[in-house]
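Order of appearance sets the numbers: ligands from 1, and atoms from 1 within every ligand. Since the model is a prediction, treat every value here as computed from it, not as a measurement.
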Amino acid sequence: MRKRQVLKAVALVVTALTATQSIADGNTFKIGLILPMTGQQASTGRQIEAAAKLYMAQNGDTVAGKKIHLIIKDDTTIPDVSKRLAQELVVNDKVDVLAGFGITPSALATAPIATQSKTPMVVMAAATSSITQASPYIVRTSFTLAQAAVAMGDWAPKNGMKKVVTLVSDYGPGIDAEKYFVERLLFNGGQVAESLRVPMRNPDFAPFLQKVRDLKPDALFVFVPSGAGAAVMKQFLERGMDKAGIKLIGTGDVTDDDQLNDMGDGALHVVTSHHYSASHPSATNKKFVEAFQKANKGMRPNFMAVGGYDGMRVIYEALKASKGQGGGDALLAAMKGQIFESPRGPMFIDSQTRDIVQNIYLRKVQRQDGQLYNVEFDVIKDVKDPGKTK
Ligand code: VNL
């Protein structure tokens with residue numbers, strides 16, 4: 001008799017709890033942010049986490065009547081872990097949106113989960129062209145290497161660098177950077193002395209740089225992922241390659257704002273092409289950089305931070321536009337076609353490709369107020385990803 005009553009009471013409590021839970025869920029909007037918080041690309045996770053939190057601090061955590069719940073998971077820079085975490089976030093946590101993705105293999109591994117569960121997946125960092133084609137639920141707020149590299153392939157040969165060696169990380173974004181840079185370089189009358197590819201994991205640049213020295217090109221074009229640029233710069237300078245008359249050029253990943261200020265004067269005058277510089281001269285960017293630094297002990301935001309910040313904006317606005325109703329397809333529809341001013345400049349999510357259209361800037365490393373910055377000196381407006389296959 002007693003036992004029965006206890007059981008009944010327990011059942012009632014459980015029912016009540018479940019009810020509260022489901023009411024809470026009904027008013028909650030969950031964003032599963034999968035990032036490399038440890039491992040080789042940990043700086044990317046750190047930057048995006050800080051940016052997402054800043055966006056929420058500035059814009060509140062209630063949107064269209066829903067309480068935003070950010071769930072951050074560390075994929076340790078390992079694609080299989082990204083995929084498993086995404087599965088758990090969708091099945092157990094019932095997230096409304098998946099976001100983050102520090103490296104291309106993580107984004108590609110997770111794409112099928114987004115498709116199967118009809119969950120929008122906002123790629124805030126990874127930058128291989130093909131990613132947006134891996135799932136109709138992917139929207140990108142970072143950039144593509146093809147987008148950035150084309151500008152350098154036009155600029156370098158017109159500025160005295162005809163004979164170039166390329167050195168890229170041997171995976172998706174590196175292969176895109178090499179392909180689109182070389183295509184434009186050749187088109188503009190330049191020549192490729194050699195194309196070198198270094199392993200993505202634990203790269204040792206020394207033997208490759210020695211080879212470049214022997215080839216004596218006018219310039220060395222480099223793509224390495226965010227976080228690896230300082231090592232390249234150090235070894236380039238240690239080998240006296242600048243003194244041997246070889247110019248270092250690349251996409252802006254190599255002079256990443258996260259590391260640039262610690263690279264020293266050897267980095268001065270390096271020219272790169274990219275979509276974001278912390279010194280981008282707009283009121284929107286000044287406000288962003290100041291607030292980011294204030295909230296993060298002076299840490300300077302890099303292009304990863306801006307991808308995360310704008311990604312949150314795309315999610316918030318999609319939730320508003322779909323009036324808090326949620327549902328993957330409604331959210332996705334409201335992400336497509338968004339157009340707004342980012343700290344990087346104007347940006348647009350192309351509804352056909354779900355990829356980003358944005359300005360690409362040519363920048364030169366210079367000292368401003370005692371610090372090293374990528375100072376923009378030219379712009380190619382509204383660049384679509386040239387790497388889309390039909
Ligand atoms: C990727 C592209 C990663 C560019 C990066 O840094 C980067 C990628 C982590 O697609 O894997 O700077």
Side-chain angles (χ1 to χ4, degrees), residues 34-51 74-83 99-111 121-134 138-150 152 167-181 197-203 221-233 250-260 272-278 301-308 311 344 355-356 358 360 363 374 385 387:
I34 301 175
L35 292 171
M37 299 307 302
T38 54
Q40 192 172 303
Q41 256 65 52
S43 64
T44 290
R46 172 165 46 79
Q47 286 272 351
I48 295 180
E49 177 183 18
D74 177 13
D75 68 14
T76 67
T77 326
I78 297 175
D80 286 346
V81 177
S82 320
K83 181 177 184 177
F101 308 102
I103 55 170
T104 289
S106 287
L108 292 178
T110 308
M121 171 171 157
V122 178
V123 174
M124 297 169 158
T128 302
S129 287
S130 64
I131 288 173
T132 43
Q133 289 163 309
I138 292 180
V139 168
R140 173 157 38 206
T141 60
S142 52
F143 76 113
T144 75
L145 266 305
Q147 211 172 34
V150 159
M152 188 45 72
L167 174 66
V168 301
S169 264
D170 193 5
Y171 77 118
I175 290 160
D176 278 0
E178 178 193 287
K179 177 171 179 232
Y180 287 89
F181 171 76
R197 294 178 181 179
V198 300
M200 190 256 175
R201 302 270 174 198
N202 309 310
F221 171 89
V222 174
F223 164 78
V224 287
S226 179
V232 173
M233 186 69 77
T251 56
D253 310 73
V254 73
T255 54
D256 183 350
D257 271 304
D258 192 63
Q259 298 185 316
L260 178 60
T272 55
S273 54
H274 227 209
H275 57 294
Y276 180 67
S277 164
N302 70 354
F303 62 97
M304 294 303 188
V306 116
R344 69 185 95 187
D355 218 336
I356 184 165
Q358 61 189 335
I360 296 296
R363 316 96 50 83
N374 294 296
D385 174 31

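Backbone and side-chain nitrogen or oxygen atoms of Gln41 are examined, and none is located within less than 3.5 angstrom of a nitrogen or oxygen of ligand 1. Some N or O of Ala127 is nearer than 3.5 Å to an N or O of ligand 1, by distance alone.
Legend: residues meeting ring pair (Phe, Tyr, Trp, His ring centres under 6.0 Å) with Phe223, ordered by chain and number and at least two apart, are absent. A search for side chain to side chain donor-acceptor pair (under 3.5 Å) contacts involving Asp256 returns Ser226, Asn302, not counting sequence neighbours.
Regarding atom 1 (C) of ligand 1, its nearest protein heavy-atom neighbour is Tyr171 OH, 3.6 Å. For atom 10 (O) of ligand 1, the nearest protein heavy atom (residue, atom name, distance) is Thr104 OG1, 2.5 Å.
For the atom pair CG (Asp385) and CD1 (Ile131), the distance works out to 10.5 Å, reported to the nearest 0.5 Å. Interatomic distance, Arg363 CZ to His275 NE2, rounded to the nearest 0.5 Å: 9.0 Å. With values rounded to the nearest 0.5 angstrom, Thr128 atom OG1 is found 7.0 Å from Arg140 atom CZ.
Here is the list of ligand 1 atoms found below 4.0 Å of a heavy atom in Phe303: 12 (O). Shown in contact with Phe223 at under 4.0 Å from a heavy atom are these atoms of ligand 1, numbered in order with element: 2 (C), 4 (C). Of all atoms in ligand 1, listed by their number and element, those nearer than 4.0 Å to a heavy atom of Met304 are 5 (C), 6 (O), 7 (C), 9 (C), 12 (O). Listed by atom number, the atoms of ligand 1 under 4.0 Å from Ile103 heavy atoms are 8 (C), 11 (O). Close contacts between ligand 1 and Pro173 involve ligand atoms 1 (C), 2 (C), 8 (C), 10 (O), 11 (O) [criterion: under 4.0 Å to a heavy atom]. In the vicinity of Ala126, heavy-atom distances shorter than 4.0 Å reach the ligand 1 atoms 8 (C), 10 (O).
A heavy-atom distance below 4.5 Å is found between the side chains of Asp253 and Phe143. Within the 4.5 Å cutoff, the side chain of Thr255 has no heavy atoms near those of the His274 side chain.
A heavy-atom separation below 4.0 Å is found between Gly102 and ligand 1.
Counting heavy atoms closer than 4.0 Å to ligand 1, residue Asp253 contributes side-chain atoms (C-beta onward) but none from N, CA, C or O. Using a 4.0 Å cut-off between heavy atoms, Thr44 contacts ligand 1 through its side chain alone, with no backbone atom that close. Residue Phe101 does not touch ligand 1, judged by heavy-atom distances below 4.0 Å. With a 4.0 Å heavy-atom cut-off, ligand 1 is reached by the backbone of Ser226 and by its side chain too.
With Thr272 contributing its side chain and Gly250 its backbone, the two residues share no donor-acceptor pair below 3.5 Å.
The nearest pair of heavy atoms linking Gln41 to Met200 is OE1-CE, 3.7 Å.
Note on ring orientation: taking the six-membered ring where Trp is involved, the planes of Phe181 and Phe221 are parallel (angle under 30°, cut-offs 30° and 60°).
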